[in-house]
> 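Please see the structure below; I have some questions.
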There are 2 protein chains.
Amino acid sequence: MTDVAAAAGVSQSTVSRILNRKPGAIPASRETRERVERAARELGYRPHPFARALHGAPTMLLGAVVRDITDPFFAEAIEALTIECSKRGYSVVLGHARTTADEALALAGVLEARQCDAIVLVGDFRGERRLVADLRQAPVPVVALWHGSERHDRPFPTVTVDSRAGIRAALTHLTALGHERIAYVGGALRYVILDREEAYREFLSADGVGVPAGYVRHVPNTIRGGALALAELRDLPSPPTAIVAATDVLAIGIINAALAQRIDVPADLSVVGFDDIALAAGTIPSLTTVHMPIEPMVAEGVRIAIGETDWDWAAGNDPPRVVFDPNLIVRDSTAPRR
Amino acid sequence: MTDVAAAAGVSQSTVSRILNRKPGAIPASRETRERVERAARELGYRPHPFARALHGAPTMLLGAVVRDITDPFFAEAIEALTIECSKRGYSVVLGHARTTADEALALAGVLEARQCDAIVLVGDFRGERRLVADLRQAPVPVVALWHGSERHDRPFPTVTVDSRAGIRAALTHLTALGHERIAYVGGALRYVILDREEAYREFLSADGVGVPAGYVRHVPNTIRGGALALAELRDLPSPPTAIVAATDVLAIGIINAALAQRIDVPADLSVVGFDDIALAAGTIPSLTTVHMPIEPMVAEGVRIAIGETDWDWAAGNDPPRVVFDPNLIVRDSTAPRR
DNA sequence: TTGTAAGCGTTATCAT
DNA sequence: ATGATAACGCTTACAA
């Protein structure tokens with residue numbers, strides 16, 4: 001910048017003023033401006049963001065803490081986050097909190113140095129007590145995306161989805177198709193997903209049917225987990241005619257295993273997923289699933305994080321909790337009971 | 001830092017010296033050191049990385065430009081990158097270059113402001129002429145991972161894999177199983193993948209068999225693309241008994257479609273993938289595929305990027321090209337021809 | 001309208 | 001062994 005000033009024959013502060021001309025600021029003479037702008041262009045001037053940040057300017061860096069980018073759902077979420085951020089001129093710094101031991105790292109890298117203007121938690125971290133505790137006293141805004149419902153206590157603003165409504169939609173769809181023996185497959189450890197299981201239990205109970213023994217399976221959230229669950233369910237004295245999976249990944253595993261065993265999906269077995277990941281539309285049969293409005297949710301999260309909403313971080317108000325509604329996408333993995 | 005100095009009753013420069021005590025520096029009195037360290041701890045002092053960067057210190061930020069995190073292979077690569085970086089105290093800033101329009105953004109966010117110490121390109125970007133051109137004159141080191149073979153010109157240090165050897169291993173395996181009618185399914189636009197196709201053609205030609213008409217299919221690199229390719233291949237007058245796919249995603253799509261059509265894999269159709277993504281081991285049947293040594297490759301890339309290798313960025317030497325060897329993992333999707 | 005000068009938090013170079 | 005003091009590149013009063 002000093003170079004630009006020298007080249008243009010003006011003072012360095014003039015350059016600063018001209019180059020980031022603020023809306024309502026004092027104008028500069030056209031002639032000087034042109035000279036400065038040309039000099040800047042010729043010298044290939046690039047502002048040095050750190051020097052700006054030193055004055056309290058935003059770093060335009062957003063920290064994202066994700067459990068597992070390898071999970072297609074979270075990959076899509078991060079993709080959406082990156083896009084949303086770049087629209088607003090922000091960049092995304094990737095944190096990582098796969099194991100508890102990594103928590104510290106995620107913090108050290110992303111936030112400890114408070115180089116980020118805000119932090120976005122992607123996924124459910126209620127299990128990571130230390131992470132959440134540290135984040136509570138983070139010097140920057142923290143927003144949680146898909147953080148499970150916290151009944152007693154809400155540490156940060158949260159954007160989430162009404163999982164229960166999604167499960168209800170799935171079950172309503174299946175019962176409308178005539179299914180009565182409907183099983184549930186989910187992961188034991190993921191808290192958000194517990195909501196889904198609860199919704200399943202409630203629905204079946206309300207119907208007066210109740211949950212048949214062995215109809216709730218807990219497996220790892222992988223393709224293989226889905227296959228495992230299917231094997232267990234088929235071993236039951238009275239196997240289900242339909243399965244609701246807590247995630248698409250599980251549902252795809254179930255379908256894959258079913259096809260490999262020559263079980264016809266959907267004729268002999270209906271399967272509903274949850275998340276509507278990109279993969280879900282491409283499988284054969286394509287997956288009936290609960291669509292997760294990833295983009296709007298991420299956009300809302302970013303908006304809160306960078307302070308584009310009413311909610312005032314400074315004031316001691318209760319952090320907002322924005323709940324989106326998922327909707328069922330009916331494709332080819334469900335059919336009337338036969 | 002000033003606060004710490006005040007609290008410890010010493011000058012601020014003393015604090016600086018003590019807190020980042022360098023190996024061969026002048027020692028400080030034990031007593032002062034303790035006082036300073038305690039003060040720092042009590043005040044919860046955290047160094048401000050930007051102020052450091054102002055003095056030429058590394059920002060400990062690594063820019064990653066990825067085409068599509070949603071692709072499981074790249075998701076795993078980014079995961080490995082994040083882990084490798086955090087081991088070394090670096091954080092990863094995510095760029096994004098999905099569409100050509102995004103190129104500019106990827107740069108703006110990740111590097112334009114030279115906030116990153118280095119940039120890692122993940123995937124093949126030879127198509128992105130502007131991106132590559134811009135990157136050539138980036139003020140920081142650029143390393144390309146999985147950037148396809150550049151015959152005439154090597155813009156940056158590159159870490160890649162010997163795709164041809166991988167394809168040869170796959171074909172050798174299949175021919176050993178008695179297969180003669182082996183098709184190839186790949187994407188048209190991805191350059192690295194062209195190497196794979198060439199290797200396929202060469203292998204078949206060398207065998208004196210030649211490539212049967214219609215045995216090379218170009219489809220989008222998705223599950224659905226795989227299904228499409230399978231449909232086309234089955235329509236051929238003499239359909240293949242084995243298929244080599246350029247990626248696991250395609251291979252999985254092929255298997256999924258085959259099962260849905262009651263084609264037995266591997267009894268009636270053998271399928272080999274490429275990449276060995278996590279999904280590949282979990283499908284039924286599990287996928288025979290060419291394993292990509294992601295971790296070592298990423299580690300090497302990072303090492304070059306942060307200047308931990310012999311290669312001197314300043315000197316005008318030819319950028320290094322490190323080529324890893326993939327190896328075939330035989331699982332359940334291949335069997336003797338019947 | 002433009003220039004001068006005082007920081008921002010840190011490191012580095014002097015003296016002391 | 002420690003303390004002033006000058007950078008680093010930029011923003012921002014305040015002066016001219």
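Residue numbers begin at 1 in each chain, while the letters A, B, ... track the order of the sequences.
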> Just N and O in the side chain of B:Arg52: are any of them under 4.0 Å from OP1 or OP2 of C:dT11?
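Yes, within the criterion.
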> Only pairs under 3.5 Å count here: list side-chain donor-acceptor contacts from residues 33-40 of chain A, not counting sequence neighbours, and write none if there are none.
from	atom 1	to	atom 2	distance (Å)
A:Arg35	NH1	A:Ala8	O	2.4

> Applying side-chain hydrogen bond (donor to acceptor under 3.5 Å, both in side chains), name anything that partners A:Thr158, two or more places apart in sequence or on another chain.
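With sequence neighbours excluded, A:Thr158 shows a side-chain hydrogen bond (donor to acceptor under 3.5 Å, both in side chains) to no residue whatsoever.
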> For A:Thr32, what residues pass the side-chain hydrogen bond (donor to acceptor under 3.5 Å, both in side chains) criterion, not counting sequence neighbours?
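side-chain hydrogen bond (donor to acceptor under 3.5 Å, both in side chains) check on A:Thr32 returns A:Ser29.
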> Report which part of the nucleic acid B:Thr32 touches: base, sugar-phosphate, or nothing (heavy-atom distance under 4.0 Å, all strands).
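If one applies the 4.0 Å heavy-atom cut-off, B:Thr32 turns out to touch the sugar-phosphate alone, with no base involved.
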> List in chain and number order the residues that pass side-chain hydrogen bond (donor to acceptor under 3.5 Å, both in side chains) with A:Glu84, two or more places apart in sequence or in another chain; answer none if no residue qualifies.
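A:Glu84 satisfies side-chain hydrogen bond (donor to acceptor under 3.5 Å, both in side chains) with A:Arg88 only.
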> Of the options D:dC10, C:dG3, D:dT2, whose atoms approach the side-chain atoms of A:Val10 most closely?
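Closest nucleotide to the A:Val10 side chain: C:dG3.
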> Side chain of B:Leu54, heavy atoms from C-beta onward: which of D:dG9, D:dG3, C:dT10 has the nearest atom to it?
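Comparing D:dG9, D:dG3, C:dT10 against the side chain of B:Leu54, the answer is D:dG9.
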> By side-chain hydrogen bond (donor to acceptor under 3.5 Å, both in side chains), which residues pair with A:Arg303, not counting sequence neighbours?
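Here the qualifying residues are A:Glu300.
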> Does either side chain, that of B:Ser13 or that of B:Ser16, offer a donor lying less than 3.5 Å from an acceptor on the other one?
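Side chains of B:Ser13 and B:Ser16: no pair found under 3.5 Å.
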> Mind checking what makes salt bridge (Lys or Arg N to Asp or Glu O under 4.0 Å) contact with B:Arg136, not counting sequence neighbours?
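In terms of salt bridge (Lys or Arg N to Asp or Glu O under 4.0 Å), with neighbours along the sequence ignored, B:Arg136 is linked to B:Asp153.
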> Report each atom pair, protein N/O against N/O of nucleotides 12-16 of chain D, whose distance is under 3.5 angstrom.
from	atom 1	to	atom 2	distance (Å)
D:dT12	OP2	A:Lys22	NZ	3.2

> Could you pull out all residues at least two apart from B:Ala53 that satisfy side-chain contact (heavy atoms from CB on, under 4.5 Å)?
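Partners of B:Ala53 by the side-chain contact (heavy atoms from CB on, under 4.5 Å) criterion, ordered by chain and then number, come out as A:Phe50, B:Thr59.
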> Could you work out how much the helix from C:dT1-D:dA16 to C:dT16-D:dA1 bends, comparing the axis of its first five pairs with that of its last five, to 10°?
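It comes to 50° between the two terminal axes.
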